[in-house]
Visitor: 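Mind having a look at this structure? Questions to follow.
If you're wondering where the values come from, they're calculated on a predicted model, not measured in any experiment. Both counts, for ligands and for their atoms, begin at 1 and track the order of listing. Counting from 1, the numbers follow the sequence of the chain as shown. Only heavy atoms go into these numbers, but all of them, side chains included; no hydrogens, no water, no symmetry mates.
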Amino acid sequence: MTARLSDSRSAPPGRVILSFDVEAIYHIQAARHVRLTASDCLELAKRLLCQVKWLRRLLGLYDVQATFFWVGELAWRFPYLVRALRRDGHEIACHSWSHRLFTEMSPEEAYQDVEQNKRVLEDVLGEPVWGFRAPSFSILQETNWVIALLRDLGFSYDSSVYPVIHDRYGVARAPRTPFVAVSGNAELLELPPATLQLGPIRLAIGGGGHFRFWPETVCESGIRQLLNQGSYVMLYFHPWEFDTEQPRLPLGWWKSWRTYTGIGGMPQKLERLLRNYKFVTAHEAAKALDSRRDLLPRFTLTS
Ligand SMILES: [Zn+2]
């Protein structure tokens, strides 16, 4: 890809990166307190498989390649689906072994978790995986040590630093566009989820509950704002967010609202994205960015 950031007459060189975090709904933070039987989990995992199959069909119709960040324990249970996605031309990347947050693990536990995630995916695929996304974007100022861990494990990019203010995650002052995350003497290319900047206010619009909650025009504005800056636009979704018929877990009203709001409109929203934008995988973007790494902003994470 040729990136001509200074030539405003050319089409914006940016592209949208469509990513999916492949996890079951019982992996999410809001559902951690819910007691589920083994058969409940099996049922929810089956629904996840149906949603991934639906995504394969839809992405195939539009000839769009996406990046699928897999929870390792699911990849281990369903290796044929990981391989099928790869055969379709999608990128496979890591989303931890069992979706534990870095804020709840020691560096040693985190290393084992991520190493197992990467090793199992690479065994399933027979090729290296390059990308990582932390559960619940849990690379924060205080967990900046994860950058060195990911570098040591051979990742070429990360997509876990959400440059917003949020109650559970976020590094508010981090750049909105791809940057080099620095922690001590470790560096890693960071592909931050998409935001919309309105004067001093920065809104998270890149996916999940934000994308379900905001009117489409708000999300579109953020995407176009980043594209017009020549940036890549990282969007992230979860297969369960497209499962309009799923049984509702007893999460309490607030967590239920955050988890399930807007799911009914998500299949149509995704299809409109597929119609309206051009896409690359995160690894393709990372390779292109690496060739002009010296021009990227650098941001130091410190606790
Ligand atoms: Zn996740």
Visitor: Could you pull out all residues at least two apart from Trp240 that satisfy ring pair (Phe, Tyr, Trp, His ring centres under 6.0 Å)?
Guide: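 Only His238 meet the ring pair (Phe, Tyr, Trp, His ring centres under 6.0 Å) criterion with Trp240.
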Visitor: Please tell me if the side chains of Val218 and Pro215 come closer than 4.5 Å, counting only heavy atoms from C-beta onward.
Guide: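 Yes, their side chains come closer than 4.5 Å.
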Visitor: What protein atoms of element N, O or S are positioned under 2.8 Å from the Zn ion (ligand 1)?
Guide: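 Listed by chain and number, the atoms are Glu23 OE1, His95 NE2, His99 NE2.
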Visitor: How would you list all residue pairs meeting ring-ring contact (aromatic ring centres under 6.0 Å, His included) that involve residues 103-126, not counting sequence neighbours?
Guide: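 Matches after skipping sequence neighbours: none remain.
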Visitor: Looking at Arg83 and Val124, would you say the former's side chain and the latter's main chain have a donor-acceptor pair under 3.5 Å?
Guide: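 A pair under 3.5 Å: yes.
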Visitor: Can you list everything that forms a side-chain hydrogen bond (donor to acceptor under 3.5 Å, both in side chains) with Glu216? Sequence neighbours excluded, please.
Guide: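 In terms of side-chain hydrogen bond (donor to acceptor under 3.5 Å, both in side chains), with neighbours along the sequence ignored, Glu216 is linked to Arg272.
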Visitor: Which of parallel (below 30°), tilted (30 to 60°) and perpendicular (above 60°) describes Phe102 and Phe132?
Guide: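 Taking Phe132 first and then Phe102, their aromatic rings sit tilted (interplane angle of 30° to 60°).
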